[in-house]
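Since the structure comes first, as structure tokens, the remarks are kept for the end.
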Protein chains: 2
Amino acid sequence: MDSPVTRGVPCSVDVALFTVRDEALQVLLVRRPAEDGEPFPERWSLPGGNIDVDRDADLEACASRKLLEETGVVAPHLEQVASVGNALRDPRGWSATHLYLALMASDYLELRSGGNAADLHWMSVQGEAPREALAFDHDLLLEMALNRLRAKVEYTSLPVFLMPVDFTLSQLQRTYEIVLGRELEKKAFRTRILAADLLDVVARKKTGPNRPAQYYRLKRRRESHIFARPFGSAPPAG
Amino acid sequence: MDSPVTRGVPCSVDVALFTVRDEALQVLLVRRPAEDGEPFPERWSLPGGNIDVDRDADLEACASRKLLEETGVVAPHLEQVASVGNALRDPRGWSATHLYLALMASDYLELRSGGNAADLHWMSVQGEAPREALAFDHDLLLEMALNRLRAKVEYTSLPVFLMPVDFTLSQLQRTYEIVLGRELEKKAFRTRILAADLLDVVARKKTGPNRPAQYYRLKRRRESHIFARPFGSAPPAG
DNA sequence: TAAATAGTGTCTATGAGACACTATCAG
DNA sequence: CTGATAGTGTCTCATAGACACTATTTA
């Protein structure tokens with residue numbers, strides 16, 4: 001109205017890609033470039049970057065593109081978490097970023113970063129140990145993505161996207177437990193998951209010196225299932 | 001990286017302000033200006049507009065400002081819903097908007113619109129009747145805000161922000177029913193609400209030719225309560 | 001008294017929690 | 001047989017759902 005020319009605001013997308021590796025929930029980080037003029041040189045950050053209005057059909061397409069370019073990966077789950085815009089998050093001035101949460105099985109991973117894998121890093125988010133500060137406000141963004149992930153894991157089937165194609169219920173339960181940071185009751189867990197009718201039975205597979213487990217595979221469906229009650233006795237976050 | 005100057009993207013905030021009036025859930029609309037060059041002249045739209053990096057500390061401050069400027073109102077609940085950015089939503093080119101959901105009691109309302117109240121309009125969102133198309137992609141934004149509202153009302157105490165300061169449990173239940181579009185069981189509703197320890201008892205008030213109801217008032221707390229199970233037998237949306 | 005709305009008593013149904021039990025493999 | 005992990009039987013408990021019942025007001 002009163003501003004004759006609307007300049008626009010620097011607009012980016014950042015992606016918190018989680019996986020479960022080595023019995024821990026981990027998030028993918030990329031190293032910031034060392035070039036002159038770039039803020040936070042050589043610091044770790046979430047993968048992401050500015051929207052390219054000529055290449056990105058929409059915000060989610062930008063998130064997919066950034067993930068593919070920086071990691072060579074197409075995640076089976078990608079959802080918008082929130083947007084953060086203010087004058088302080090980038091030393092160059094007012095900017096807005098659009099945070100996405102991505103999930104994938106660790107055995108899909110074959111990371112590449114413009115030929116330099118040393119610029120990629122999995123960081124465990126378990127434990128309260130002080131972590132190295134990330135670039136920009138990415139510590140906050142990571143916290144927001146983690147809160148979203150944990151909140152949804154309390155009452156949805158989201159963790160199936162952290163599993164390989166075929167998996168057992170014990171493996172799925174372990175994944176839930178790692179993300180939630182607490183143990184779950186076996187019988188209740190199995191009853192719920194099977195009642196949700198999310199999984200197809202596939203052939204049993206050989207394992208070690210014990211009864212072989214039934215393997216399952218996600219049915220064709222995009223959305224995750226919402227359970228009528230949250231897991232465990234803990235109230236859902238919020 | 002390869003673009004020497006990052007131009008930025010036109011960045012706006014839109015607010016879906018809901019209230020319950022006349023036994024219906026209603027959303028506030030503002031009329032687009034008739035000026036030459038403005039897209040969608042004189043069409044109805046959600047209140048909102050471009051971010052002013054000199055005045056808005058962050059996205060939420062921008063939403064509050066737009067709401068105050070266009071309606072004279074400070075809503076007791078304001079939350080971010082999602083962001084939509086693509087090349088098609090504005091005929092002038094790629095843009096991103098940040099959608100907020102606001103709730104307030106209808107008896108707080110004293111709308112003003114730069115001196116012209118005819119540019120404001122409450123639209124009922126009940127019923128499947130085809131509505132007049134809104135400007136930009138605001139039909140989509142309204143749908144997203146409605147979905148968020150209805151989903152959260154299934155398992156939270158959000159509707160307390162649609163109530164006046166003092167209210168009865170019957171009135172609160174009616175508000176839930178209007179938003180959800182279905183009736184709830186009285187006993188279960190009252191038990192849940194009271195067990196959540198959200199409300200303080202205030203003095204009874206005179207009513208009509210019947211037993212006077214107990215009035216309640218929201219305790220001091222910012223966040224809405226999350227119930228362990230959704231209301232009714234219907235599964236939560238999602 | 002009737003009419004109207006507020007609020008409760010109580011039984012049933014569902015599904016989670018606990019936990020001990022059985023099942024099936026390698027050796 | 002043992003050891004290990006997979007999977008089940010069954011009891012208890014919390015809370016929603018149904019619905020009839022009582023309570024309190026004005027007229």
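Please read these numbers as outputs of a predicted model, since none were measured by experiment. Chain identifiers are assigned alphabetically (A, B, ...) following the order of the sequence lines, protein sequences preceding nucleic acid strands; residue numbering begins at 1 within each chain.
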**Message:** Tell me whether E154(A) is salt-bridged to R182(A), with the criterion being a basic N under 4.0 Å from an acidic carboxylate O.
**Reply:** yes
**F227(B) CZ to dT15(D) P, straight-line distance once rounded to whole Å** = 12 Å
**Asked** Quick check, are the ring centers of Y100(B) and H98(B) under 6.0 angstrom apart?
**Response** no
**Item:** T19(B) side, atom OG1; Q26(B) side, atom CD - distance, nearest 0.5 Å
**Value:** 8.0 Å
**Request:** Please confirm whether the backbone N or O of R217(A) pairs with a side-chain atom of D166(A), one donor and one acceptor, at under 3.5 Å?
**Result:** no
**Message:** Is it the case that the side chain of Q126(B) and the backbone of L25(B) share a donor-acceptor pair, with hydrogens and angles ignored and the cut-off at 3.5 Å?
**Reply:** yes
**L184(A) CG to dA6(D) P, straight-line distance once rounded to whole Å** = 15 Å
**Prompt:** For dA6(C), does OP1 or OP2 lie under 4.0 Å from any side-chain N or O of S170(B)?
**Reply:** yes
**Request:** Look at the side chain of Q80(B) and the backbone N and O of A82(A), then say whether any donor-acceptor pair between them is shorter than 3.5 Å.
**Result:** no
**Request:** Just say parallel, tilted or perpendicular for the rings of F189(A) and Y176(A), cut-offs at 30° and 60°.
**Result:** perpendicular
Show the distances under 3.5 angstrom between N or O atoms of the protein and N or O atoms of nucleotides 25-27 of chain D.
unit_1, atom_1, unit_2, atom_2, d
dT25(D), O2, P209(B), O, 3.1
dT25(D), O2, N210(B), N, 3.1

**Message:** Among dG17(D), dA14(D), dA16(C), which nucleotide has an atom closest to any side-chain atom of R192(A)?
**Reply:** dA16(C)
**Message:** Rounding to an integer number of Å, can you tell me how far E183(A) CD sits from dA18(C) C1'?
**Reply:** 14 Å
**Whole-Å gap separating P (dT5(D)) and CD (Q171(A))** = 13 Å
Identify each atom pair where a protein N or O and an N or O of nucleotides 11-13 of chain C are less than 3.5 Å apart, giving names and distance.
none

**Item:** N/O donor-acceptor pair, side chain K186(B) with base dG7(C), under 3.5 angstrom
**Value:** yes
**Item:** Distance-only donor-acceptor test, K187(B) side-chain atoms vs dG9(C) base atoms, 3.5 Å
**Value:** yes
**Prompt:** Roughly how many Å is it from CD in E185(A) to P in dT10(D), rounded to a whole number?
**Reply:** 16 Å
**Prompt:** Between H138(B) and F136(B), how do the two ring planes meet: parallel, tilted or perpendicular, split at 30° and 60°?
**Reply:** tilted
**Asked** Which whole-number value in Å describes the distance from L194(A) CG to dG15(C) C1'?
**Response** 15 Å
**Message:** So, does R190(A) get its side chain near the phosphate of dG7(D), meaning an N or O under 4.0 Å from OP1 or OP2?
**Reply:** yes
